[in-house]
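In what follows, a structure is listed as structure tokens, so that the remarks can point back to it.
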There are 2 protein chains.
Amino acid sequence: MADADVGERFRAFLRDRNLPVTSQRLAIAELLLHAPGHLSADDVAAQLVEKGHTIGLATVYRTIDLLVASGLVLERDFGEGFRRFEPARDMPHHYHLTCTVCGAVSEFHDDRIEEIIRASALARGFVAARHRLLIGGTCRDCRSSSPDRRTL
Amino acid sequence: MADADVGERFRAFLRDRNLPVTSQRLAIAELLLHAPGHLSADDVAAQLVEKGHTIGLATVYRTIDLLVASGLVLERDFGEGFRRFEPARDMPHHYHLTCTVCGAVSEFHDDRIEEIIRASALARGFVAARHRLLIGGTCRDCRSSSPDRRTL
DNA sequence: CGCCAGATGGGGTCGATTCTCATTTGGAAC
DNA sequence: GTTCCAAATGAGAATCGACCCCATCTGGCG
């Protein structure tokens, strides 16, 4: 199944680099690789405490670095002043739509956007290695029943 | 001229809100509204010191908040761990191309990108109010003479 | 089982941003 | 021009995310 797979891929990554497979690393990987949303480092630490682990915040950060380096976890910055992390899914690039009323984040992918961005950068002499697109707006639900409209 | 204009627009904003027009606010606005690039709060404070002012960092932050609220200054986040600010120019939306080798930031605007983003969001039930696009890559100069290639 | 490079974690540091509060000041009223 | 008060200022403390330090512990090879 996919669950054992991602865990195994992290173990393989550690083995490749001759890095010890510790219980802390496995616990953090297990949690973050199966997280549904976008977790902050504190979220990860808090959920570990909930599960009865006592893992130092420093170790959480260090292990997240490993997971990001392995490509199994992606780093996100929503401009909150801290970073969030999410498991890398099959989706190669996905964009984030954030509702400025209810805060809901939804993700999507669009080949046309990616292609046009790449072409536009190239026309200006840049070879685009990566790009990030954040869209803020109001979702369908909040538009139909919006008591207040934020100007944001 | 345009210079007096932006300063006057900030004064008008303060008057509208019954906020005092202080010498510190004017000095910060004068500096930031005519800045060529993207300044951090520290950059602003440092340049004020250079000009002989002694303005507390707290006031710099507070005044920048006002300038952002007034729409005369835009807040940017390039993932450096701190924010940068730039005067809002005529350009309604512009995108940022950052060279991951030399760090150069160049700006551009592309109506096709904007249109396609808006349409793509709408197809998913979102009315896009704003969006941010950051592109990382290597510029022409760094590509022709790149000694090291960052994986970033 | 013993060893040791590397991991761990609690405390300390750092940098950006915001808060606190005593003091000063804009600007409207007199 | 003088008075007055709400609001601004600024120096330092507080906060918060992120990361470093170092004494201690442990994975995993021999």
NA contact type, A/Arg62, heavy-atom cut-off 4.0 Å: base, sugar-phosphate, or nothing?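 If one applies the 4.0 Å heavy-atom cut-off, A/Arg62 turns out to touch a base.
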Classify B/Thr54 by what it touches in the nucleic acid, base, sugar-phosphate, or nothing, heavy-atom distance under 4.0 Å.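 Answer is sugar-phosphate: B/Thr54 comes under 4.0 Å of backbone atoms only.
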Whole angstrom value for the distance that separates [atom2] of [N] from [atom1] of [X]:
X: A/Arg15; N: D/dC29; atom1: CZ; atom2: P; value: 11 Å
X: B/Asp77; N: D/dG17; atom1: CG; atom2: P; value: 16 Å
X: A/Phe82; N: D/dC19; atom1: CZ; atom2: P; value: 14 Å
X: A/Tyr61; N: D/dC21; atom1: OH; atom2: P; value: 17 Å
X: A/Glu80; N: D/dT15; atom1: CD; atom2: P; value: 21 Å
X: A/Glu75; N: D/dC19; atom1: CD; atom2: C1'; value: 14 Å
X: B/Leu57; N: C/dG15; atom1: CG; atom2: P; value: 13 Å
X: A/Arg17; N: D/dG28; atom1: CZ; atom2: P; value: 17 Å

What side-chain hydrogen bond (donor to acceptor under 3.5 Å, both in side chains) pairs are there with at least one residue in residues 13-25 of chain B, not counting sequence neighbours?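 Matches after skipping sequence neighbours: B/Glu8-B/Arg15.
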Which heavy atom in A/Ile113 sits nearest to a heavy atom in A/Phe108, and how many Å separate them?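 Result for this residue pair: CD1-CE1, 4.1 Å.
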Starting at the 5' end of DNA chain C, which residue's closest nucleotide do you reach first, B/Asp65 or A/Gln24?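 The residue whose closest nucleotide sits nearer the 5' end is A/Gln24.
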Could you check B/Asp42 against A/Leu19 and say which one's nearest nucleotide on DNA chain C is further toward the 5' end?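 Between the two, 5'-proximity favours A/Leu19.
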